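Each chain gets a letter, A, B and so on, in the order its sequence line appears, and its residues count up from 1. What you are looking at is a predicted structure, and each value in this text was computed from that prediction instead of being measured.
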2 protein chains.
Amino acid sequence: MVVDQLDSDEVDRLFAALADPTRRDIVARVLTHETSVSVLAERYAMSFAAVQKHVAVLERAGLVSKRPHGRERLVRGDVDAIRAAARLLDQYEEIWRARIGRIEDILAAPAEGDSR
Amino acid sequence: MVVDQLDSDEVDRLFAALADPTRRDIVARVLTHETSVSVLAERYAMSFAAVQKHVAVLERAGLVSKRPHGRERLVRGDVDAIRAAARLLDQYEEIWRARIGRIEDILAAPAEGDSR
DNA sequence: CTGATCTACAACCATGTAGTTGTACGTTAG
DNA sequence: CTAACGTACAACTACATGGTTGTAGATCAG
């Protein structure tokens with residue numbers, strides 16, 4: 001299990017990595033099948049090197065990891081990174097819910113200085 | 001409520017907008033307080049125009065919206081966009097869980113050709 | 001061993017992004 | 001009315017990013 005406390009740079013890399021359709025597709029694929037980079041590359045209308053770069057971005061973000069298998073590198077998705085991102089978003093929703101509480105406080109309090 | 005079906009470009013904009021610490025901070029702030037752009041700008045060590053641009057990025061991503069209030073524009077966070085992003089991530093986790101099912105199938109099946 | 005395959009990496013180009021400053025315009029305060 | 005304020009937008013710089021091609025090192029197949 002991965003440490004759940006992400007610093008700002010890690011969050012940057014996480015969301016930035018997810019902000020590209022090719023990379024999201026790669027993540028979805030390697031979450032189910034561990035796949036070599038070259039097999040991945042066949043699926044996309046770009047060069048092998050371009051796919052390699054996308055994988056590197058995902059790896060720096062912690063969304064995938066590679067392991068050597070003979071001459072190929074098998075890429076596999078890391079669901080923990082996705083959960084960490086999801087937790088982040090949940091925290092924003094909690095901030096939002098806290099606001100509701102305050103509004104209800106305001107409504108519950110009798111209007112002071114209601115100078116309309 | 002916002003339409004929940006996001007196309008690829010919208011997802012790109014969503015995650016890209018979240019991939020910046022200043023923008024995440026702005027979102028957190030305006031989720032609780034509706035805040036003018038100039039008041040927001042005081043909080044960050046950059047020019048007013050730079051903050052304005054960040055707000056514009058967030059707006060294009062659907063994470064905030066602006067409403068005119070006299071000469072100022074009040075920015076408020078939209079939690080629906082955050083929920084949409086969270087749902088996206090949940091879908092990746094579901095993809096991952098589906099893989100588990102398949103692994104269990106493999107384990108359940110008697111080993112064929114178990115040539116160790 | 002030799003050739004084909006998979007990967008890594010560097011160099012390069014085009015484009016987008018984050019920041020700046022400057023200008024212009026509507027709105028509020030006095 | 002005039003001055004100050006809040007915003008919008010354009011132009012510019014610096015740098016990151018997504019793509020390319022080319023080269024080189026490991027590893028596998030025959």
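A:S38 contributes atom OG, which lies 11.5 Å from atom CZ of A:R73 (distance to the nearest 0.5 angstrom). Distance check: A:R29 CZ to B:I95 CD1 gives 11.0 Å after rounding to the nearest 0.5 Å. With rounding to the nearest 0.5 Å, the separation of OH in A:Y92 from CD1 in B:I82 is 7.5 Å.
A sub-4.0 Å separation between OP1 or OP2 of D:dT7 and a side-chain N or O of B:K66 is absent. Side-chain N/O atoms of B:Q52 include one lying less than 4.0 angstrom from OP1 or OP2 on D:dA8.
A continuous path of Ile, Leu, Val, Met, Phe, Trp and Tyr side chains, each step under 4.5 Å between heavy atoms, connects B:V75 with B:F48, placing both in one hydrophobic cluster.
Salt bridge absent: B:D25 and B:R43 never bring a charged side-chain N and a carboxylate O closer than 4.0 Å.
As rounded to whole Å, 13 Å separates atom C1' of C:dC6 from atom CG of A:L40. Atom CZ of B:R67 and atom C1' of D:dT7 are 16 Å apart (whole Å).
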key: Trace of the salt bridge (Lys or Arg N to Asp or Glu O under 4.0 Å) decision for A:R87 with A:D90   = CA-CA 5 Å; A:R87 270 196 50 123; A:D90 286 347; over 6 Å; no
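A:I26 and A:V51 make their closest contact through CD1-CG1, 4.3 Å (heavy atoms, listed as atom of the first residue, atom of the second, distance).
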Please write out each protein N/O paired with an N/O of nucleotides 24-28 of chain D under 3.5 Å, distance rounded to 0.1 Å.
unit_1 : atom_1 : unit_2 : atom_2 : d
D:dT27 : O2     : A:R71  : NH1    : 3.4

So which protein N/O to nucleotides 14-20 of chain D N/O distances come out below 3.5 Å?
unit_1 : atom_1 : unit_2 : atom_2 : d
D:dG18 : OP1    : A:R23  : NH1    : 3.1
D:dG18 : OP1    : A:R23  : NH2    : 3.0
D:dG18 : OP2    : A:R23  : NH1    : 3.3
D:dG19 : OP2    : A:H54  : NE2    : 2.2
D:dG19 : N7     : A:K53  : NZ     : 3.1
D:dG19 : O6     : A:K53  : NZ     : 2.2
D:dT20 : OP1    : A:S47  : N      : 3.3
D:dT20 : OP2    : A:S47  : N      : 2.8
D:dT20 : OP2    : A:S47  : OG     : 2.6

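The closest side-chain heavy-atom distance from B:R24 to A:D12 is below 4.5 Å.
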